[in-house]
Trainee: 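One structure coming up, written as structure tokens, with questions to follow.
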Amino acid sequence: MLKAIGWLIKASVFAIVVLVIANYLKVGSKTVSDHLKTQLSHAENAEVVGDVKDWAQHVTKDHRGGILKKTDIEAGIAAAKTEAEPVLARAKAAIAPARKTASAEAGTVAEEISSTERQKLRALMRELNSSRGSN
């Protein structure tokens, strides 16, 4: 982290030094900074710059359209969720009594898993985890 901060400070100092030298160093009757301004103003009038501007506008318009479509989809999903909430609540209410009766019929006695079965399951889990890690 300190190296990155040091690098940023060095780069900032270098940029400041270059700007100061460009403002004081004269070539002919103009400074280097003035020469750069003139050259860049001529470059802005070039046909390539117009093509790049048109392309950038097309890309940003396309991006905005994609964002609008995404928000439309999200709004539709939210609307579907709000419409489905009452149906889900009724379904949960209908399922809850059925679960209670099924558990009462099966009894509350839980089956005990033998120790050998547990060992086999643990070995299988370790094997699956090790094969997943090697992929």
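Just the heavy atoms: all of them, side chains too, but no hydrogens, waters or symmetry mates, feed the values below.
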Trainee: How would you list, by chain and number, every residue that makes a side chain to side chain donor-acceptor pair (under 3.5 Å) with Arg122, sequence neighbours excluded?
Mentor: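 So Arg122 forms no side chain to side chain donor-acceptor pair (under 3.5 Å) with any residue.
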Trainee: In this structure, would Val32 and Ile21 fall into the same cluster of hydrophobic residues linked by side-chain contacts under 4.5 Å?
Mentor: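 Yes, Val32 connects to Ile21 through the hydrophobic network.
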Trainee: Less than 4.5 Å apart, any side-chain heavy atom of Trp55 and any of Asp51?
Mentor: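 A side-chain contact is absent here, since even the closest heavy-atom pair is not under 4.5 Å.
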Trainee: Hey, could you give me the OG1/NZ distance between Thr38 and Lys30, rounded to the nearest 0.5 Å?
Mentor: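 Nearest 0.5 Å value for the OG1-NZ distance: 4.0 Å.
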Trainee: Which distance, rounded to the nearest 0.5 Å, do you find between the OG of Ser114 and the NZ of Lys120?
Mentor: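 Reported to 0.5 Å precision, the distance equals 7.5 Å.
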Trainee: Drop me the distance from Thr60's OG1 to Gln57's CD, to the nearest 0.5 angstrom.
Mentor: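 Thr60 OG1 to Gln57 CD: 6.5 Å, rounded to 0.5 Å.
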Trainee: Once you round to the nearest 0.5 Å, how far does NE2 of His35 lie from OG of Ser29?
Mentor: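 The OG atom of Ser29 is 6.5 Å from NE2 of His35, to the nearest 0.5 Å.
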Trainee: Would Tyr24 end up clustered with Leu36 when hydrophobic side chains under 4.5 Å apart are linked, directly or stepwise?
Mentor: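 Hydrophobic grouping puts Tyr24 apart from Leu36.
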Trainee: Could you pull out the closest heavy-atom pair between Thr31 and Ala22, with the gap in Å?
Mentor: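 Looking at all heavy atoms of both residues, the closest pair is CB-O, 3.7 Å.
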Trainee: Under 4.5 Å between side-chain heavy atoms, counting indirect links through other Ile/Leu/Val/Met/Phe/Trp/Tyr residues: same cluster for Val13 and Leu25 or not?
Mentor: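 Same hydrophobic cluster.
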Trainee: Working to the nearest 0.5 Å, report the span between OG of Ser12 and CH2 of Trp7.
Mentor: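 Reported to 0.5 Å precision, the distance equals 8.5 Å.
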